[in-house]
Colleague: 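Before anything else, here's the structure in question.
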Amino acid sequence: MIKAIRGTRDLLPPDTALWNFVEAAVRDVFRAYNFQEIRTPIFEATELFARGVGEETDIVAKEMYTWHDQARLFSDWALELLEDVREKVGGSHEKTLEYLSSQQAQIETDKGKAQSLTLRPEATAGIVRAYIEHKLGDRGLNKLFLIGPMFRRERPQKGRYRQFYQINAEVIGPPSSGSDSPARDGEVLEMLATLLDRLGITDWNLELNSVGCANDRAKFNEALRNALEPVKDKMCADCQRRAVTNPLRVFDCKVPEDQPIIATLPRISQFLDEPCREHFAAVKEILTKVGVRFSENDRLVRGLDYYTRTAFEFTHGALGAQNAILGGGRYDGLSEALGGPPAPGIGFAIGEDRLILSLQEKTPAESVVRKPDVYVAPLGAGTNGEAARLARELRRHDLVVELGDENFRLKKSFEAATRAGAKYILIVGENEVNAGAFTLKNLATGEQISVARGELAQKIKNG
RNA sequence: GUGGGAGUAGCUCAACUGGCAGAGCAUCGGACUGUGGCUCCGACGGUUGCGGGUUCGAUUCCCGUCUCCCACCCCA
């Protein structure tokens, strides 16, 4: 049997109804804040992510699905080559080696022409690429959202898949459009709080930090390395490794014995320059004013290199180790890193799979499925046509209609209607067709009446 | 990538120390030819994840492999 490959999965009814429910709510809320949809390709040039997300991040270093666009060409080459060698190996070896060298050189040349492509591991790089490519800065401030699959080659576990879905939103524009204003940070965070509340997810926690600008971070990293040097030998193996490779990550450590040491380390908050400090203070002031609760966490660090200043995470208890339901922040230098104009921005990514997980306790998928209003049951040879005509009329009145088959015995039609969760069953038998009035039965109350064709839709709608 | 747990019917799970692979639910048919949910009877459903080994005999023991779950790592 051919199965879905590791880390991917099928989303089936009725669960898909919950996904649609979430996405409808998202679109509704985003519209109120004047966000508009953007759809970018699912694969991009590898270089985009290398430069945008950062060569040294885990995502780029070991989690991307990357291939050469002409991989098939190469395998064809290899097969031909083997065949040729098989033929020629009968002659002198020197000639064979010579032949191999010339073919290898040809492959190297072709490989240079093949483009390295990558399935997108996140959305922001592609959106900023589109912003630069289409000069969206000329429109002023852009408020964009994107819903779609992302791909990372990690070991799957609860709430983590190799193909997973993100709901992204970005506010980006030239500095003159106010894209770097703390007002935008405040608006985005308030929108998220509104969205989660709207979905009925109340027990979320917003953790907020400022990671400063590039200069701040360089100074901070330096100070951190110096502070870790004398104490790192007393820390856990992971921290000893982090102290060298990525000192910021030491703050992620959960080992209890290390906490007293971590508590003494310098914090990014002490290294923010004046503009960054003011920006952060302004964001917090707005949140307080609009009544969005948050907790400051100067240990919050993000895994992508492009983040500057505001960084945040919404967590939820019911998700196990993957407790981050969404994360985001400001990325003021990203456009320039990709060769574009200055275009400060702030955005976030919601892990839709995890959002659904945390929703499922309170909102089962069945509760958002729209059940049929009526099951139309043809009865006896030659009634399928009349039943189809009635179903067509009722569907035009925006009713959800399930249609049976004339070969079903009436008992079977009733069972099918009950299983489908229909509210009514409409019997279309010889008696009804002759009379021009149809038997309509409420499956919950058992009430059964005869209704003329013209009044059916109204009767069903009014319950 | 590392460590631990688990894979038996569509679903939830049994099967003693190695001895004919089962039940409930679901599905289909009948009791009941135009009235569902309840009941009763019957049927369908399996290469026990896959591949090898030990054995007279393997769901059971051993090895390999795949997938899922949990944790690490990291992140959404």
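As the structure is a prediction and not an experimental result, all values here were calculated from the model. Chain A is the first sequence line, chain B the second, and so forth, proteins listed ahead of strands; every chain is numbered from 1.
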Colleague: Among the nucleotides B/C69, B/C72, B/U35, which one has an atom lying closest to any side-chain atom of A/Phe414?
Modeller: B/U35
Colleague: Considering only B/G1, B/G37, B/G34, which nucleotide approaches the side chain of A/Arg160 most closely?
Modeller: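 Selected nucleotide: B/G1.
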Colleague: If only side-chain N and O atoms of A/Arg155 are considered, is one of them under 4.0 Å from the OP1 or OP2 phosphate oxygen of B/C74?
Modeller: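 No, A/Arg155 has no side-chain N/O under 4.0 Å of OP1/OP2 on B/C74.
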Colleague: Let's see if you can work this out: which of B/C28, B/U35, B/G34 has an atom nearest to the side-chain heavy atoms of A/Arg419?
Modeller: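 The answer is B/C28.
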Colleague: Less than 3.5 Å between a donor and an acceptor, one on the side chain of A/Lys441 and one on the base of B/U35, is that the case here?
Modeller: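 Between B/U35 and A/Lys441, which were checked side chain against base, a qualifying N/O pair under 3.5 Å is present.
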Colleague: Would you say the side chain of A/Arg267 lies within less than 4.5 Å of the side chain of A/Leu224, judging by non-hydrogen atoms?
Modeller: no
Colleague: Of A/Phe314 and A/Leu443, whose closest RNA chain B nucleotide lies nearer the 5' terminus?
Modeller: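 The residue mapped nearer the 5' terminus is A/Leu443.
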Colleague: Nearest to the side chain of A/Asp58, heavy atoms from C-beta on, is which of B/C74, B/G36, B/G1?
Modeller: B/C74
Colleague: B/G29, OP1 or OP2 - any side-chain N/O from A/Lys412 closer than 4.0 Å?
Modeller: yes
Colleague: Looking only at the side chain of A/Pro156 (C-beta and beyond, no hydrogens), which of the listed nucleotides B/G36, B/U35, B/C69 gets closest?
Modeller: B/C69
Colleague: Among the nucleotides B/G30, B/C73, B/C75, which one has an atom lying closest to any side-chain atom of A/Arg409?
Modeller: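 Side chain of A/Arg409 sits closest to B/G30.
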Colleague: For A/Arg153 and B/G1, is the shortest distance between a side-chain N/O and OP1 or OP2 below 4.0 Å?
Modeller: yes
Colleague: By nearest atom, which of the nucleotides B/G37, B/A76, B/C73 is closest to the A/Gln157 side chain?
Modeller: B/C73
Colleague: Please check the phosphate of B/C68 (OP1 and OP2 only) for any side-chain N or O of A/Arg6 closer than 4.0 Å.
Modeller: yes
